[in-house]
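This report concerns only the one structure given below.
Chain letters run A, B, ... following the sequence lines, proteins first and then strands; every chain starts at 1. This is a predicted model, so every value here is computed, not measured.
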There are 2 protein chains.
Amino acid sequence: MRKARRSGRVTLAEVAREADVSAITVSRALRDPEQVSQATMERIEAAVRKLGYVPDMAARALASRHTNVIGVLIPSVTNNVFSDVLRGIYDALDGTRYHLQLGNTRYSVLEEENLLRIFLSQRPAGLIVSGTDQSPATRAMLENADCPVVQIMEIGPDPVDMMVGFSHREGAKAAVTHLADAGYRRIAFLGARMDPRTQRRLQGYEDALRGHGLADPDLVVTTPRASSITLGGWLLGELLAKRPDVDAVFCNNDDIALGVLFEAQRRKIDVPGKLGICGFNDLEMMASACPSLTSLRTHRETMGREGIHMLIRSIEGDRPDERVVDLGFELMARESSAGPG
Amino acid sequence: MRKARRSGRVTLAEVAREADVSAITVSRALRDPEQVSQATMERIEAAVRKLGYVPDMAARALASRHTNVIGVLIPSVTNNVFSDVLRGIYDALDGTRYHLQLGNTRYSVLEEENLLRIFLSQRPAGLIVSGTDQSPATRAMLENADCPVVQIMEIGPDPVDMMVGFSHREGAKAAVTHLADAGYRRIAFLGARMDPRTQRRLQGYEDALRGHGLADPDLVVTTPRASSITLGGWLLGELLAKRPDVDAVFCNNDDIALGVLFEAQRRKIDVPGKLGICGFNDLEMMASACPSLTSLRTHRETMGREGIHMLIRSIEGDRPDERVVDLGFELMARESSAGPG
DNA sequence: TTGTAAGCGTTATCAT
DNA sequence: ATGATAACGCTTACAA
């Protein structure tokens, strides 16, 4: 009595029998039609269609010891910032033979570690991770991964392999310098979540204020809670309670900036006359708001796209010379920071 | 001469040798520690750690003919609506043994078909697809898939397997009825993208206006372009050029509604006195806006969470009795639709 | 509780 | 251009 445990799915062997060739010929025909004669190809195509053959990725991965899966680990799928990065990633993947495997770490280094372990067990062709603040274990796994790795969102001194991003600290410094140059003197920092990138933005804010002799720890209001528009309004309330004399706010991100604008409108505080506002990222809504909102534009789609490009070049043996790419940022000065008065 | 083509990775056999047991015992120990004696378990754990063993998912999938992968196909990763659904999905998956494989169809039935083909080649444990408007080929593949399938976002008469969503037509009808009840008489429809769900919302709008004797085809302004806040402002401009006497707008989604609000502020049109506004979905920003914006709340996270719950129950042989779950909607009446005058 | 043997569906290797 | 064969790393079926 045989131990049959077939799955019921059509296999290569069955297609081969139908087309009257060997299994390996079908395998080759499917992966690289060039290698097979015209006539054989046609018989195989007919057989595939007739039987409704679908290749089994697991068997393929096992036999070839590689996949076309690119693993991407990002801290959030709901945050607009990462949706834009994802759009760039999908764009760059389009038309290539690679598939995306997306992992949502929810801003937790532990979840990142677990997800990476799962990803590695699938033998990815390449990996993209966010930021530079991995746990030691994650770092070690990345360094030992037998595939290229790109860190996106940030640049730093010690890449695992490749990097594409920008300096959040320099970005924040530029934004706050803009507010100071516009004439604001009591410039606050409003921050939520306080993940590593937010921390670095806070440092940039402090750098700028120190440079202008305007530093004042009272003007920093933060919360570990996840950022939202509503939270922006709440943070402004907290700030005004502490420092009613504040004349500008640098917001850790655009959601908070928009929340601040709404709350200012509700309290009839003139923007930009009594309160200057500057956001971070320059999401699409910033230009549309009334008054339009100043923000520091970051190149999120490009980060995703460029990350994938670097990864694929690397996978295909054409390793980029530049291992660390700084995409920079651009200050979009608008009505909300036109100056006090 | 043997044909060795080992990958260099640590295998189950090596762990077994190290722990001085057979491979199958290691396999069992890893999948279900209960089946193995305490002492053996400890030796195996030590060996795994010592050698840094990582299971090979491909081999596992091939041998067992199933995976713990749940495939999810959604039309957009950047749209807030789907990010909320995704959050629900991730929540529900948390702590289970299932992984997510996410596919972005970009609102294209063709991409959906291709992605589904790829997904099926990985033998998913279950599938989630968005909406009810699949291509015939997609529909056929779903019906023949040897795993449970949940359609989310919408409900309809002919489920592939299970469904969780709500009626977009009824939702739109309720929203427009609210505007009419508030006293608005020339209620416009502003729509972007015009995917199937948007089309059904337009029908609901028409249902409501017909019921109130207020129908007027001139008041419908749509575009196939992807929706955005900026586009909301542009649509209001188009509408006002055609019908300056419009007194309310029902927006196909919240981005458009917010864009309309900003544009109205820019043109100094009083909201809600001269222009009532109602959105669709009730994203977080609607309650924060100034004036706060009326919207039809949809249960997006719940759709994702419930979809996964139904799927997992089904995978595990505990098929829900209710195959079609209507989550309904809730009208959130706010300042922006307080009535004309 | 543990082990043996066979098989999952594909591709690498070598041969013709 | 095509084929025979073994191998990929794991799990199922059956046995002890």
Side-chain angles (χ1 to χ4, degrees), chain A residues 1-44 47-48 51-68 97 120-123 146, chain B residues 1-44 47-48 51-68 97 120-123 146:
Chain A
M1 174 123 173
R2 291 209 124 340
K3 300 186 196 175
R5 41 177 165 118
R6 311 209 49 266
S7 63
R9 277 169 64 140
V10 178
T11 69
L12 257 191
E14 298 175 64
V15 175
R17 205 173 309 128
E18 176 75 28
D20 201 36
V21 291
S22 71
I24 188 66
T25 303
V26 178
S27 170
R28 280 197 279 251
L30 263 33
R31 281 174 299 150
D32 184 7
E34 308 285 290
Q35 285 188 63
V36 164
S37 77
Q38 185 68 35
T40 311
M41 193 64 212
E42 275 162 20
R43 289 211 314 285
I44 290 175
V48 165
L51 301 178
Y53 170 72
V54 177
D56 184 318
M57 295 309 281
R60 178 173 286 182
L62 179 57
S64 68
R65 278 144 309 145
H66 70 255
T67 64
N68 292 331
R97 62 202 179 87
L120 286 174
S121 76
Q122 331 222 17
R123 300 176 177 283
D146 55 354
Chain B
M1 175 127 166
R2 290 217 126 332
K3 299 187 199 176
R5 43 177 162 119
R6 311 208 50 266
S7 63
R9 276 169 66 141
V10 177
T11 68
L12 206 52
E14 298 175 64
V15 175
R17 206 172 308 130
E18 177 75 26
D20 201 35
V21 290
S22 70
I24 187 64
T25 302
V26 179
S27 169
R28 282 197 277 250
L30 264 32
R31 281 173 300 148
D32 184 7
E34 308 286 288
Q35 286 187 63
V36 164
S37 77
Q38 186 66 36
T40 311
M41 193 63 213
E42 275 161 21
R43 290 212 312 286
I44 290 175
V48 165
L51 301 178
Y53 170 71
V54 178
D56 184 319
M57 295 308 281
R60 178 174 287 181
L62 180 58
S64 68
R65 276 143 310 143
H66 71 255
T67 64
N68 292 331
R97 61 202 180 88
L120 286 175
S121 77
Q122 331 222 17
R123 302 176 174 282
D146 55 355

(request) Working to the nearest 0.5 Å, report the span between NE2 of A:H66 and CZ of A:R123. (result) 11.0 Å
(request) Starting at CG of A:L30, measure out to OH of A:Y53 and round the result to the nearest 0.5 Å. (result)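 Here the interatomic distance stands at 6.0 Å.
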Quick one: does any side-chain atom of [X] pair with a main-chain N or O of [Y] as donor and acceptor, under 3.5 Å?
X: B:E14; Y: B:T11; result: yes
X: B:R43; Y: B:A19; result: yes
X: B:S64; Y: B:R60; result: yes

OP1 or OP2 of [N] less than 4.0 angstrom from a side-chain nitrogen or oxygen of [X], does that happen here?
X: B:S22; N: C:dG3; result: yes
X: B:R60; N: D:dT11; result: yes
X: A:T25; N: D:dG3; result: yes
X: B:T40; N: C:dT1; result: no
X: A:S37; N: D:dA1; result: no

Can you check the [X] [atom1] to [N] [atom2] distance for me, whole Å?
X: A:R9; N: C:dC8; atom1: CZ; atom2: P; answer: 14 Å
X: A:R65; N: C:dT10; atom1: CZ; atom2: C1'; answer: 11 Å
X: B:R43; N: C:dT1; atom1: CZ; atom2: P; answer: 15 Å
X: A:Q35; N: C:dT13; atom1: CD; atom2: P; answer: 13 Å
X: A:I24; N: C:dT11; atom1: CD1; atom2: C1'; answer: 5 Å
X: A:R17; N: C:dG9; atom1: CZ; atom2: P; answer: 12 Å
X: B:R28; N: C:dG3; atom1: CZ; atom2: P; answer: 8 Å
X: A:M57; N: D:dC10; atom1: CE; atom2: P; answer: 19 Å

(request) Would you kindly compare B:A59 and B:M41 by the position of their nearest DNA chain C nucleotide and give the one closer to the 5′ end? (result)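 Residue closer to the 5' terminus by nearest nucleotide: B:M41.
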Of the listed nucleotides [options], the one nearest the side chain of [X]:
X: B:R31; options: D:dA4, C:dG9, D:dT11; answer: D:dT11
X: B:A63; options: C:dG9, D:dC10, C:dT11; answer: D:dC10
X: A:V36; options: D:dT2, D:dG9, C:dG9; answer: D:dT2

